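What you see is a predicted model, and the numbers here were worked out from it, not measured in a lab.
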Amino acid sequence: MTILLSVLIGLGLFFIIGYSARAGLRVTAPAQYKPTFRDMPLTASFGLTVIVFYIVIAIFAQAIAPFGEGEVMGHQFLPWGSPYYLGTDKLGRDMLTRVIYGARNTVGIAFATTALAFFLGSVLGIWAALGGGWIDQILSRFIDALMAIPELIFSLLLLTIFGTSVLTLILVIACVASTRIYRLARSVAQGIVVTDYIEAARLRGEGNWRLIWREILPNAMAPLVTEFGLRFCFVFLSISALSFLGLGIKPPTADWGSMVRENATLITFGDVTPLLPAGAIALLTVAVNFVVDWLLYRASGLKE
Amino acid sequence: MNRIWRIIGQRLLLGVLTLFIISVVIFGATELLPGDLASQLLGQSATKETLDALREQLGLNLPAPIRYWNWLTGFLQGDFGTSMATKKPISELVGARLVNTLFLSLYAAALAVPISLTLGVLAALWRNSIFDRASNAVALTAISFPEFFVAYILILWLSQSGFFPSMVRITEATTTLNLLYMAFLPALALTLVVTAHMMRMTRAAIINVLASPYIEMSLLKGMSPMRVVLRHAVPNALAPIINVVAVNLAYLITGVVVVEVVFVYPGLGQLMIDAVTNRDIAVVQTIALLFASAYVLLNLIADVLSTITNPRLMHGR
């Protein structure tokens, strides 16, 4: 019954947020972008609102959170109530504060990892497409072999070897994720490398680095941006999964994955508090997926 | 007929080659360790003599290619070496757990494949209807949920109300029926995670085929839409569907790791997480190679199956 009720409330909120965000965007957007927002599906406007909401919380975490990040406030596992609105965790820290700081830590680390993976993957991919010949062959076959190992298993193997800390976590996940980006960037760049303006730039005497940075990358941006969204979801979920397994971001840093693990015992008593951080992860991933879905749809629609 | 065997033979060779490269990567990864296993095991205070003795005992004084060869041949004969943390032979640790993990994956697959194929066909049949849009939104949402979120919601919902147990304890006395009952929640959690993706891809594959002229022809001659989809669209969309199913089954094999931890299921995933926490590299290597082989094998089977379903390759001119 409660499940049904919460699904209904969720759906209601979804429609309200979706409609009002779309209406708001339509009114405030500059004239040339208005048609874009008019045809926007509800899912996309909902997704955009949620993403903006998360960014605001992550930036102003310190101002919004009622207590300090690692501050031990009172008794353990207090129920929801006035000073601690979402109760306290197993060490007596305020849950609401930790959830808010989690937005900064978890999302920040996931974003940094995705950005690093993107830099690595796209530069290597474009370089392989540009160089061609044996450089391309060696790099591509090597990355094919790496891609044949399941992602989670490969990251677990690397984490065993290099130990588990936030820095190794970022590096390991970025390397694993960059293999997929490499593939995409290479195939997109191969189409661009054969065009006339690249030939002209080469004849002008532009170096490889400048070719990648100034000529190819701006033209390969559209597919890469949607891929960025998808990869972000993937990286975010794998970091959360690893933190949940106790191998990722470690306490006392507030992080959604490890918060679920720490307080999981509450679930067996029918308390939903440990599900809130997990829900926060799910909501952000859903929002990004909704927006990416819309972008993909628009990209395929515009081509016809 | 000759041609098809040649293609399958090529694929098999490629699969073996991939497995070989993977084993090299997994083995080579340990070579990146600062120091070696002996110095890690004995710690800072070890003398040079004890280090040498342990290296001799573990065979670490041999050059890397020879150690690789010993490791690989041992692996193929079922001798995985000994665990550093528990000092037990790894084959003993892995044996029963491998069976448990395979059972859970197959259980989830048996639930997920029929459900997602049916939903995918229906969504393609009634495309752009309310059903299609709702199932698309639900599928996108389900893809975005972390596995542990789905698993805990199931525990909160189905286990709190007393329908199913939230923990799996397998003993000698556990019957298959009992096991099916106990493992239902983990299998359901895995099913929910993979169904969405399979359903979306099935729908896309069928809709792709529905754009062809022969579909329009069969509609014009008065066939019912259901019959058109089942008789004409599905057989021609089989190759991509088989691939999607295989990719998702391969995903199941690794997805079990998180779900096993949530439900305290005695499988390979749990063992691997424990080994990573203890930095028990020999166990991690073994399980990684096992998982990777299953992954490659499934992709290989999908490749071969989708080649067989293509009549142009099957009956070559």
Whether over 12 other heavy atoms sit under 6.0 Å from A:Arg183 CZ | yes
Tell me, out of A:Gly246, A:Pro41, A:Ser240, A:Ser238, who's got the most heavy-atom pairs with chain B below 4.5 Å.
-> A:Ser240
Okay, B:Thr277 and chain A: the region with an atom under 4.5 Å from a heavy atom over there is both
Chain A-proximal positions within residues 135-146 of chain B [heavy-atom distance under 4.5 Å] | B:Asn136, B:Ala137, B:Leu140, B:Thr141, B:Ile143, B:Ser144, B:Phe145, B:Pro146
Interatomic spacing from CD1 in A:Ile57 to CZ in A:Arg104 - rounded to 0.5 Å = 11.5 Å
Distance col, row A:Ser258:OG vs A:Asn105:CG, nearest 0.5 angstrom, shows 9.0 Å
Of all residues at least two apart in sequence or in a different chain, which pass the side-chain contact (heavy atoms from CB on, under 4.5 Å) check with B:Val264?
-> B:Met167
Could you tell me whether A:Leu11 atom CG has more than 12 heavy atoms of other residues or ligands within 6.0 Å of it?
-> yes
Of all of B:Ile273, B:Val150, B:Val296, B:Ile287, which one pairs up most often with chain A through heavy atoms under 4.5 Å apart?
-> B:Ile273
Measuring heavy-atom distances to chain B, does A:Leu146 have an atom under 4.5 Å in its side chain, in its backbone, in both, or in neither?
-> side chain
Between B:Val261, B:Leu156, B:Ile21, which has the largest tally of heavy atom pairs under 4.5 Å with chain A?
-> B:Leu156
Which distance, rounded to the nearest 0.5 Å, do you find between the CZ of B:Phe149 and the CD1 of A:Ile281?
-> 9.0 Å
Tell me yes or no: between the side chains of B:Thr101 and B:Tyr265, is some donor less than 3.5 Å from an acceptor?
-> no
Check the surroundings of atom CZ in B:Phe131: do more than 12 heavy atoms from other residues, nucleotides or ligands lie under 6.0 Å from it?
-> yes
Quick one: what part of B:Tyr152 sits under 4.5 Å from any heavy atom of chain A, side chain, backbone, both or neither?
-> both
Measure B:Ile26 against the heavy atoms of chain A and call it side chain, backbone, both or neither at under 4.5 Å.
-> both
Return yes when atom CZ of A:Phe53 has more than 12 non-hydrogen atoms of other residues, nucleotides or ligands closer than 6.0 Å, and no otherwise.
-> no
Could you tell me which portion of A:Phe236 (side chain, backbone, both or neither) has an atom closer than 4.5 angstrom to a non-hydrogen atom of chain B?
-> neither
Think A:Arg231 forms a cation-pi with A:Phe228, using NZ or CZ under 6.0 Å from the six-ring centre and within 45 degrees of its axis?
-> no
CG of B:Leu290 to CZ of B:Arg97: how many Å apart, nearest 0.5 Å?
-> 13.5 Å
Quick one: of A:Leu159, A:Leu284, A:Leu242, A:Asp293, who has the most non-hydrogen atom pairs under 4.5 Å with chain B?
-> A:Asp293
Tell me, yes or no, whether the heavy-atom count around A:Phe14 atom CZ, taken from other residues, nucleotides or ligands under 6.0 Å, exceeds 12.
-> yes
CD1 (A:Ile170) and OG1 (A:Thr113) are apart, to the nearest 0.5 Å, by 4.5 Å
With a 4.5 angstrom heavy-atom cut-off, which part of A:Asp144 approaches chain B: side chain, backbone, both or neither?
-> neither
Ranking A:Thr43, A:Ile149, A:Leu158, A:Leu152 by heavy-atom pairs under 4.5 Å to chain B gives rank one to A:Ile149
In terms of heavy-atom proximity below 4.5 Å to chain B, should A:Leu237 be classed as side chain, backbone, both, or neither?
-> side chain
Measure the spacing between CZ of A:Phe46 and CD1 of A:Ile51 and express it to the nearest 0.5 Å.
-> 10.5 Å
The interface call for B:Val276 against chain A, heavy-atom contacts under 4.5 Å, is both
Chain B heavy atoms under 4.5 Å from A:Leu247: which part of the residue, side chain, backbone, both or neither?
-> side chain
Within residues 201-211 of chain B, contacts to chain A at heavy-atom distances under 4.5 Å involve none
Would you please name every residue forming a salt bridge (charged side-chain N to carboxylate O under 4.0 Å, His left out) with B:Arg127, sequence neighbours left out?
-> none
Does B:Val25 reach the side chain of A:Phe154, with side-chain heavy atoms less than 4.5 Å apart?
-> yes
